[in-house]
Number of protein chains: 2
Amino acid sequence: MLNMCSAPRRPPEPEEDLTARARIRGAAIACFGQKGFGVPVRTIAERAGVSPALVMHHFGSKAGLRRACDEHVRNLVYEIKKDSVTTADQRTFLDRFAGMDEYAPYVAYFVRSFQAGGDIAHALFEHMVEDIENYLAAGEEAGTVRPSRDPAARARFLAMGHIGSLQMFLTMHFPGPDIDFREVMRAWSERITLPTLEIYSEGLFTNRAMLDAYLLYVGDPPEEES
Amino acid sequence: MLNMCSAPRRPPEPEEDLTARARIRGAAIACFGQKGFGVPVRTIAERAGVSPALVMHHFGSKAGLRRACDEHVRNLVYEIKKDSVTTADQRTFLDRFAGMDEYAPYVAYFVRSFQAGGDIAHALFEHMVEDIENYLAAGEEAGTVRPSRDPAARARFLAMGHIGSLQMFLTMHFPGPDIDFREVMRAWSERITLPTLEIYSEGLFTNRAMLDAYLLYVGDPPEEES
DNA sequence: CAAGGCACTGAACAAGCATTTAGCATGCTG
DNA sequence: CAGCATGCTAAATGCTTGTTCAGTGCCTTG
């Protein structure tokens, strides 16, 4: 009934498919992102305009479907990052995705993955940390970012806080099952931009007492900076 | 078989119960915290040493049980905060709970609630924001904390990042179903303390270019501080 | 045209779940 | 003692879920 495409089939692993298989995967990414991974296969099938049995036919199981979704978004991230190497774009992959409205479903999928944990979440998180660390290292070299006693830990801290606050914002302010992620991202960045820039530019404390006390505590002598 | 208690019964709403009802609620808080709210009623009943039917008898439904748990932890938070008013304790309720090992199950329950959203998460989050805002206002008055152009937004930002990063840390590093929350909190604070203090004490950027650009963009003139 | 493979479906199946039902024991009250 | 409420349980019920089954129609190939 819905054979809308006559693209050549490659028996083992069709790279480029606009077939029902791709529609199901797209519907799955959208549903997973909007409603979380608990969403029934029936809902995904309905959204793709196919029967639940066809989902199993193509992906074997719900877990297989999710694996396919993971792989798909992972490849997207790789391509985005490949671009950013040549463009010297100084944003994390998440920010680049969030900047493009049509990619909103993927951002939703990312956030759900982070919420649920698992392999893809790990991989994406490490990419995020890496992006931030590179960004900060470049800034350090250019003199716009302060050096850290532990740059890796700082990058991890910032990544955790960044993604985590987005998650918190989502669950606090958009509890419903149907979510417009463009709106979420807009409201979120609107609320965090000022405090982020304030704290990153000016700090939070007026003196270094707590930092120095901690450095003494862990046995690292406090430094003598301006 | 297990009538271990002869405390006086108050027909309508027993305030102080060491009965099976209380055991079920305790088991529920522990299970919800350790394994999330998807945990079957059977598991909770087993842990409390009762039948699943008794859970329904006492709480009506699984949702009713969760409501009772919410109310219980909410009351605990109220008491903690009442204490902290008289003690002038400068920590958020979450930090105070986390400081007491025997309260670890409650911290786990908090984090799960934040993950799942809902009324109690909202309430706890607002408490958290309030705690932080008071803490910062006091610091501001004492001269240890910098003033902000929007103290409320800053407190929300910090609360979201704080709780969010704990959540991220949990799902990234402790994916298993059985979680020792004391260990989680220990590892988490070990990793974030240095970068937190660095950024809060020294900032992240060496100059105010981005902040000033933003202030101009939103129509607020950048200030002339040192 | 015959044969076979492929995408696809409706209907059933099986498991896990929350919840209900019917009943057992115990202890209190008349 | 009877009557009855209470705390509690084993077993059944019904719903939702992922998954399987037995096809059906279409397209290509011989």
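Per chain, numbering begins at 1; letters A, B, ... match sequence-line order. From a predicted model like this one, the values you see are computed outputs, not experimental measurements.
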Assuming nearest nucleotide by heavy-atom distance, tell me which of A/Ser51 and A/Arg42 is located more 5' along DNA chain C. A/Ser51
Counting neighbours of CD on A/Glu183 that are heavy atoms of other residues, nucleotides or ligands and sit closer than 6.0 Å, is the number greater than 12? yes
Apply the test side-chain contact (heavy atoms from CB on, under 4.5 Å) to residues B/Ile199 and A/Phe157: give CA-CA distance (whole Å), side-chain angles for both, the deciding distance (0.1 Å), then the verdict. CA-CA 10 Å; B/Ile199 290 177; A/Phe157 167 78; 3.9 Å; yes
Atom pair distance, as rounded to whole Å: CD in A/Glu46 and C1' in D/dT17: 15 Å
Expressed as a whole number of angstroms, how long is the span from A/Arg66:CZ to D/dT19:P? 13 Å
Do any side-chain nitrogens or oxygens of A/His57 fall under 4.0 Å of OP1 or OP2 in C/dA7? yes
Can you tell me the distance, in whole Å, between the CZ atom of A/Arg23 and the C1' atom of C/dC8? 11 Å
Residue met sooner reading DNA chain C from 5', once B/Val39 and A/Leu54 are mapped to nucleotides: A/Leu54
Side-chain contact check for A/Ala20: nearest option of C/dT20, C/dC8, C/dT19 is C/dC8
In this structure, which one of B/Leu54, B/Ile29, B/Thr19 forms a side chain to side chain contact (heavy atoms under 4.5 Å, CB included) with B/Ile24? B/Leu54
Rounding to an integer number of Å, can you tell me how far B/Ile24 CD1 sits from D/dT9 P? 8 Å
OP1 or OP2 of C/dC8 less than 4.0 angstrom from a side-chain nitrogen or oxygen of A/His58, does that happen here? yes
As a quick check of understanding, evaluate ring pair (Phe, Tyr, Trp, His ring centres under 6.0 Å) for A/Phe125 and A/Phe110, giving each step before the final call. CA-CA 10 Å; A/Phe125 181 68; A/Phe110 293 153; over 10 Å; no
Side-chain contact check for A/Ser61: nearest option of D/dT19, D/dT20, C/dT19 is D/dT19
Nucleotide C/dA18, atom C1' - distance to CZ of B/Phe59 in whole Å: 16 Å
A/Met56 has an atom CE; how far is it from atom C1' of C/dA11, in whole Å? 16 Å
